[in-house]
Amino acid sequence: MIYKFNEIEAKWQNFWAENQTFRAENNSEKPKYYVLDMFPYPSGAGLHVGHPLGYIASDIYARYKRHKGFNVLHPQGYDSFGLPAEQYAIQTGQHPAVTTETNIKTYRRQLDQIGFSFDWSREVRTSNPEYYKWTQWIFIQLFESWYNLDSDKAESISTLVALFEAEGNSKVNAVCDDAVSQFTAEEWNALDEKQQQEVLLQYRLTYLAETEVNWCPALGTVLANDEIVNGVSERGGHPVVRKKMTQWSMRISAYAERLLQGLNTIDWTDALKESQRNWIGKSEGASVTFNVEGHDAVIDVFTTRPDTIFGVSFMTLAPEHDLVMQITTEDQKADVEAYIQATAKRSERDRMADVKTISGVFTGAYAQHPFSKEPIPIWIGDYVLAGYGTGAVMAVPCGDQRDYDFAKHFDINIPNIFEGVDISEAAFADKATTVIANSDFLNGLNYKKATKRAIYELEQIGQGEGKTNYRLRDAVFSRQRYWGEPFPVYYVNGMPKMIDAQHLPIQLPEVEKYLPTETGEPPLGNASVWAWNTETNQVVANENIDNQTVFPLELNTMPGWAGSSWYFNRYMDAHNTGAFASQEALNYWKEVDLYIGGSEHATGHLLYARFWQKFLFDRGVVPVDEFAKKLINQGMILGTSAFVHRVASVNVHSKNVQVKNPGKGFTPLADKFIKSIKINKQLFFTNSMLNLKRYCDSKGVSKEATLRDFDIQEEYSNLIKNSIEPFVSSEDLDFLDTLKYALVLGSTSPIHADVSFVNSSDELDMEAFKNWRAEYKDAVFVTEENEVYKVGREVEKMSKSKYNVVNPDNICAEYGADSLRLYEMFLGPLEQAKPWNTAGITGVHGFLKKLWKLYMTENGCAVTDAEPTKDNLKTLHKTIKKVEEDIDNFSFNTSVSTFMIAVNELTAQKCKSKAILEPLLVLLSPYAPHICEELHSQLGYDSSISTKAFPVFEASHLVESSKNYPISFNGKMRFTLELPLDMSKDDIEAAVMAHEKTQAQLQGRTPKKVIVVPGKIINIVG
RNA sequence: GCUGAAGUGGUGGAAUUGGUAGACACGUUGGACUUAAAAUCCAAUGGGCAUUAGCCCGUGCGGGUUCAAGUCCCGCCUUCAGUACCA
């Protein structure tokens, strides 16, 4: 019987589905274990071999834990709201739900063929109303909550209202808008309903606010900071501008400290925790209030160095700061306005691109130093960011490099407040050792004491206090999109109202067009049935809006991260219609034990999900406040891209060339004049032609001169000639001579070619390439001598747009899912980025064939009840030990080698003993489940191998009586010597010294020292 | 600039507490089987000198600790990833 992997894999995939082998129960005698993958967005392109890497690792772990006696929850689903389906809808009119459904079918087929042990009965899709009903429900809970700093948790808004009614807001310690004004209980009770709601909105954990947002005109939507890369949209690379809009926001800043502290309690990678810490950006210091001379206005700043308060010689405001126009003097008005206009025009990207340029303008106004009462000039400058701190800084040129540069540039006074430190180096001084000088009451104090004292003194005069600042901003939660969760919100007199939870879900309305409306409203503005009837509690036609009982509904939808911020809880009880999950299920599964996914979600999904989990915990909905105990980032699988080099122009250098000019006929080129001729045809140079150019460049000599040393081969010549001919008169032209001077001068551009057109020797199938796109139909290739065209290669991220994807479908068809699974693990450490090379899969495929032959002959199963030999047992047990350690350390690559070694050894030992071969299958089955199920059934079992217990390691089988000692001389191994392990140190030394090879090495010299480490090594020092 | 990770054969990568560097594969070369190819099997494969033994060099670079360093310490270089006028 031969190894027919296609048949076997289909058979067992059906078996698992029919028997619901991997269905998890919500109660069990066994301990629970929850293994989760980051669920995919089902894109139209389907899976490539990079996607399943993490899923394979988690699947191995899940299967291993089942063998180890755990009740394992290993679910999968789809993050199915998102931009691509909507973009496709805009282009084709196809409803995103249809596209999504089609894509999910493809994903499911691809996932199934790899043999994952997912419990599909718990599948979730974020775009399903049964799911987003609960996303909407969580939104309502956030709206109905405020953050109480006294209890340090989120509480019901009703507790806040009770406080207001009893004593106003002066004693309320809450996270709220900066703009909140103080009121007494009487004042509160005197407010009308709308006014009260306006106040409460400033406290709610999700709130409407006019915010400056990142607006992407091309996508017609607002983007979060982490959806912008290098100043352009992550998706599509469109420009992004700042714009003020009324948006829903999430008060994640309330959780900044707890999000930071929580990192210490979870087993996530240091890199990931570090990027979350940076994102949260905690800095401790003080807020300082500066009075402005001749104005009522004050300027608040945040500083991490209150100890340097006497070093302040100017202040800088962000150009967007509210006070700028108020305080600017008549004289300076023109300059300031011009500067503000100039900076507003510069995009965020321009500003980032040129960090070095120092710019700013004096406002003409002066602030007053809080202690010395000296006047401090107030400047504006774009190095101060409106979005961080208060958008204003107290500038200490001797303590901060940017302030120093600014002061130098504009010739502002630079007082020195550090004892014995040169002013030009003060900014780099070690703050732990410097001592403050010229600073009144801070003189002689070190950084730590001076900071404390400065804050104390500021508090005394009421012009400052100790303060902790966080970089983390509240998250904008509105998107001007169609394909997202609708808000359960309608508007009465412009105030938002929540729809009662019992009427959820509020389903997405049908629209004619998926684009923003002509008046610039979000796509839901196109819906004709999108109003809320408060009597019938139904969505009704807009034409019924009457301001009495029928009101407009929110037109924005929720961002992509809404649905993914709580899905891990839904898997625990995926079909519950009465709650987002039952308390029993939540209390049983609690949290994810192992979460595997990409590091690109470090500051997006993984931060928002932690935020929601903490909120839900505060409100008593979930039992734990961190949703994932352990998290592993799988590394990216890289593709090997292929490039063709398209020539844009050829430079011709000759005395006699005549060039055809449009409308002027042929005109001669001047002597030693280089003419660049644009090539209209698609002309591609083979890769080695590029190397020629690189050679010229690397020699650093004149390109023309260097080129004269080369003979351009005739193959190249004819093609270049054909390309140039239409432009050049051929009468007095010696082409071959001319072509010696024709070269590529930085005029080629690399173009991705689909890797399927290229063989393993980098040779391009030129016909296939020509037929790829209409524009390449008449492509001309400058080839190697043997008429082959070689592509350039580069390893980069595997992606459809780089035409370097490898499809797992083809791999499964040709080698089988077990080979794919093993190979993905064999490539290297899970967390490391690694290039894909399909050719290497023959190694693991060959291993599976060897494994098969260990059990099966032409006549069927060859496994016997024979007693295992000592060697058999030794091989088995060292494999058990190693594999178990490897899985516990997520070192799956090394365990694949271990399996190979085991099979090689057992084959050599001609082992047919069931006592060895059966446990071996259990060891391997997490990695290669199909073949192991099949061989297991060939051993005579009816049930799935997944029910078998993991073999138990017995150290007794590995006990050795002798050791093959490496004998080294001065640390260099020269030969080995087999000696009994129970031999004494002295006897070992004697035995080694007596050996003839030792004497040969020493050549009569007496060793200075002999190091004997029993069981390890012997080193003779000469 | 800062933070994090990593530099080992032609390639992917092993080496778990300092103890035989290069496991296991891919690739390459030679051989067997075959009319041939594929598949399979066997052998060799870090570099250099010798081709029998043997010797020298070798884990990014320069130092150091140690009987012994890919592994530990100090100082650099390079690559990748994240992040940035953060006051």
Side-chain angles (χ1 to χ4, degrees), chain A residues 2 269-279 281-283 285 288 301-305 308 315-316 318 351-352 354-358 381-385 387-396 399-403 405-406 469-471 599-600 602-603 633 635-636 638 760 795 822-823 826-829 831-847 849-850 853 882 885-886 888-889 891 893-902 904 964-976 1000 1007-1013 1015-1022:
Chain A
I2 60 159
T269 60
D270 288 338
L272 202 144
K273 288 187 190 180
E274 197 57 31
S275 51
Q276 291 215 347
R277 283 189 193 108
N278 288 338
W279 198 259
K282 181 179 184 177
S283 52
V288 185
V301 301
F302 173 75
T303 177
T304 53
R305 297 294 302 273
T308 64
M315 300 190 72
T316 315
R351 280 211 215 178
M352 272 164 57
D354 116 84
V355 171
K356 291 275 164 337
T357 314
I358 296 165
D382 67 0
Y383 81 94
V384 178
L385 304 176
Y388 183 76
T390 60
V393 300
M394 55 174 234
V396 184
D400 181 279
Q401 189 60 43
R402 288 155 312 163
D403 294 345
D405 294 341
F406 195 89
N469 208 39
Y470 298 91
R471 194 179 81 107
S599 59
E600 67 272 21
T603 52
N633 292 128
M636 214 188 303
L638 307 170
S760 56
V795 171
L822 280 173
Y823 188 52
F826 188 61
L827 277 178
E831 300 182 52
Q832 195 173 300
K834 34 202 179 273
W836 180 269
N837 172 19
T838 303
I841 201 170
T842 54
V844 292
H845 189 63
F847 157 73
K849 286 200 255 185
K850 268 191 223 168
K853 276 171 34 186
K882 175 84 170 122
E885 283 167 4
D886 283 347
D888 287 337
N889 294 321
S891 175
N893 55 324
T894 50
S895 44
V896 177
S897 324
T898 305
F899 289 127
M900 290 175 169
I901 293 167
N904 287 344
N964 195 22
Y965 279 96
I967 316 295
S968 14
F969 294 81
N970 296 319
K972 282 174 193 154
M973 207 281 287
R974 289 299 174 220
F975 63 93
T976 59
K1008 284 188 194 132
K1009 205 172 177 184
V1010 177
I1011 311 278
V1012 177
V1013 185
K1016 287 250 170 177
I1017 199 167
I1018 291 138
N1019 191 17
I1020 297 159
V1021 186

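Sequence lines set the chain letters: A, B, ... in the order given, protein chains first and strands last, and positions in each chain run from 1.
A distance of about 15 Å separates the P atoms of B/G54 and B/U45, rounded to the whole Å. Across the P atoms, B/G48 and B/C41 are found 30 Å apart, a figure rounded to whole Å. When the P atom is compared between B/U59 and B/U71, the two are found 9 Å apart, to the nearest whole Å.
Across the protein-nucleic acid pair, A/F969 atom CZ and B/C55 atom P stand 10 Å apart, rounded to whole Å. In this structure, the CZ atom of A/R471 is 13 Å from the C1' atom of B/C85, given to the nearest Å. One atom, CG of A/D886, and another, P of B/G13, lie 17 Å apart when rounded to the nearest Å. Atom CG of A/N278 and atom C1' of B/C2 are 9 Å apart (whole Å). Remark: C1' of B/G4 and CH2 of A/W279 are 16 Å apart, rounded to the nearest angstrom.
A sub-4.0 Å separation between OP1 or OP2 of B/A5 and a side-chain N or O of A/Q832 is absent. Contact check, A/R402 against B/C86: a side-chain N or O comes under 4.0 Å of OP1 or OP2.
Between the CD1 atom of A/I1020 and the NZ atom of A/K972 there is a distance of 14.5 Å, given to the nearest 0.5 Å.
Candidate nucleotides B/A87, B/U40, B/C56 were compared by shortest atom distance to the side chain of A/R974, and B/C56 ranks first. Nearest to the side-chain atoms of A/E274 among the listed nucleotides B/U3, B/U40, B/A14 stands B/U3. Residue A/A271 has its side chain nearest to B/G4 when only B/U40, B/G13, B/G4 are considered.
With RNA chain B read from its 5' end, the first of the two nearest nucleotides for A/K882 and A/D270 is the one closest to A/D270. Taking for each of A/F302 and A/P829 the nucleotide of RNA chain B with the nearest heavy atom, the 5'-most of the two is the partner of A/P829.
Nucleotide B/A81: paired with B/U3 (Watson-Crick or G-U wobble, both distances less than 3.5 Å). Of all nucleotides present, none satisfies the Watson-Crick or G-U wobble test against B/A38 with each distance under 3.5 Å.
Two residues are said to be in side-chain contact when any heavy atoms from C-beta on lie closer than 4.5 Å; A/R305 and A/V396 fail this criterion. A heavy-atom distance below 4.5 Å is found between the side chains of A/W836 and A/L827.
A/Q276 places a side-chain N or O within 3.5 Å of a backbone atom of A/A602 that can act as its donor or acceptor partner.
Contacts of A/E831 with the nucleic acid, taken as non-hydrogen atoms under 4.0 Å apart, are absent. Within 4.0 Å of A/K282, counting heavy atoms only, lies no atom of the nucleic acid at all.
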| said: Please encode protein proximity along nucleotides 18-33 of chain B as a string of B, S and -, counting only heavy-atom distances under 4.0 Å. | reply: -BBS-BBSS-------

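By the 30° and 60° cut-offs, the orientation of the rings of A/Y388 relative to A/F302 is perpendicular.
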